[in-house]
Amino acid sequence: MSSAPATSMHKPARPGDAYAAPVRDLVATMPLTQIGEVANLGRGDPDVIKLWFGESDLKTPEFIGRAANKALAEGYTFYTWQRGIPPLREAIARYTERVYGIDCKSDRITVMGSGMQVIALACQAIIDPGDNVVVVSPAWPNVINAVQVMGGLPREVTLDFKDGRWSLDLDRLFAAVDDRTRALFVNSPSNPTGWVMSSADQKTALDFCRSRRIWLVADEVYARLVYDRPVAPSFLQHAGPDDPLIVVQSFSKPWAMTGWRLGWMTSPANFGDMLAKPIQFNTSGSPAFLQYGALAAIEEGEEFLKHMVERCRAGGEIVFQRLAALPRVRVARPDATFYTFFAVDGMTSSLELAKRFVLETKVGLAPGSAFGAGGEGYLRLCFAQSPERLATAMDRIEPLLR
Ligand SMILES: Cc1ncc(COP(=O)(O)O)c(C=O)c1O
């Protein structure tokens, strides 16, 4: 006996019904990030200079790999601590004290499988459906998705770009908060703009969150990639150990470890203890042998970091000089991160122009519209690359920007 295929009998009434069995509409209809959309046009083409993602072309330094290999060979291959191996948590606490000149105990540190995971698990812990999170924008798009997947509503408050500088109006930021707001999300130094929040504004924002009993989620993954001082101002410098502050940090950017998927959170100790539960049912902890590599990075990584910063500084300057000479382009000299986020006058769609760059010039850039409110009109270029590749990329893209 034959029967008609199920697909012809059951036309999907909802997007989530289009699968072998139903999935959540919210996830089924989530768009591919626009950066992914552009990257798919040239991902496999070795001639494309890929400046669309946020990573360096440098490999992870050997001393970090050696430490992980040694731990692997020694058998650190078992289930491990939910909040990270104790020696790494202690080393991160010492690093925090050294870099920021503050007291920090290891009970405030939780190691997780990337900065992204810190954000995602913090969202699991603080957002009920219908709650909102106020996000400073333009913002890294994954944050918006992490809020939405929990049924939360992101509320974007845009930075202003005037006279070559980005700035944030704190009154507008605070006005966006209501009684369903669970957190302010601030990424400083900012991807994509390179904006750095002042220490005074950080203090004001943290005081505001304390008084309203909402979380301040501070994404500081670019804290060490700064060019006008040793480290960017941190919310940690204004916080006591029990303040409503969750700081997101990552091994990815400073030590060229994007593929390792390791990051850490600094938070009140009891928040870290509570988060061990979602860690348990999401990943059950990060691989112990990789954490030994991270331990080497945090304890012996300053020299490499210096090299990374100098290389990025030089790359940023090459790109800045070339872009600033183009009459249609408005661009700020980057003080931090490894991105240039530049405005192109007369551009109607950054997504369409980014696609043309890949197809016609073989240079991959990220469209500003990928970064939410306030992002259209801009393109993002990651300059954590060799000077030669950056010069070639600029030679290729300049004709389309004239
Ligand atoms: C602003 C921002 N936060 C967090 C992350 C997460 O980094 P990772 O998940 O590699 O630790 C990134 C990565 O691009 C980022 O740009």
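Note that the structure is predicted; figures quoted are calculated from it, not measured. When a ligand or atom number is given, it counts from 1 through the structure's own listing order. Quick note: residue numbers are just sequence positions, from 1. Every heavy atom of this structure was used, including side-chain atoms; hydrogens, water molecules and symmetry mates were not.
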Verify the ring-centre separation between W215 and F185: is it less than 6.0 angstrom?
no
Do Y378 and F342 have their ring centres less than 6.0 Å from each other?
no
Aromatic plane relationship, Y76 with Y292 - under 30° parallel, 30 to 60° tilted, over 60° perpendicular:
tilted
Suppose we screen for side-chain contact (heavy atoms from CB on, under 4.5 Å). Which residues come up paired with R212, at least two apart in sequence or across chains?
V177, F208, I214
Under 4.0 Å from ligand 1 - residues by heavy atom, chain and number
S114, G115, M116, W140, N187, N191, D219, V221, Y222, S250, S252, K253, R261
Under 4.0 Å between a Lys/Arg side-chain N and an Asp/Glu carboxylate O for R322 and E317?
no
Mind checking whether Y339 and Y222 have parallel, tilted or perpendicular rings, split at 30° and 60°?
perpendicular
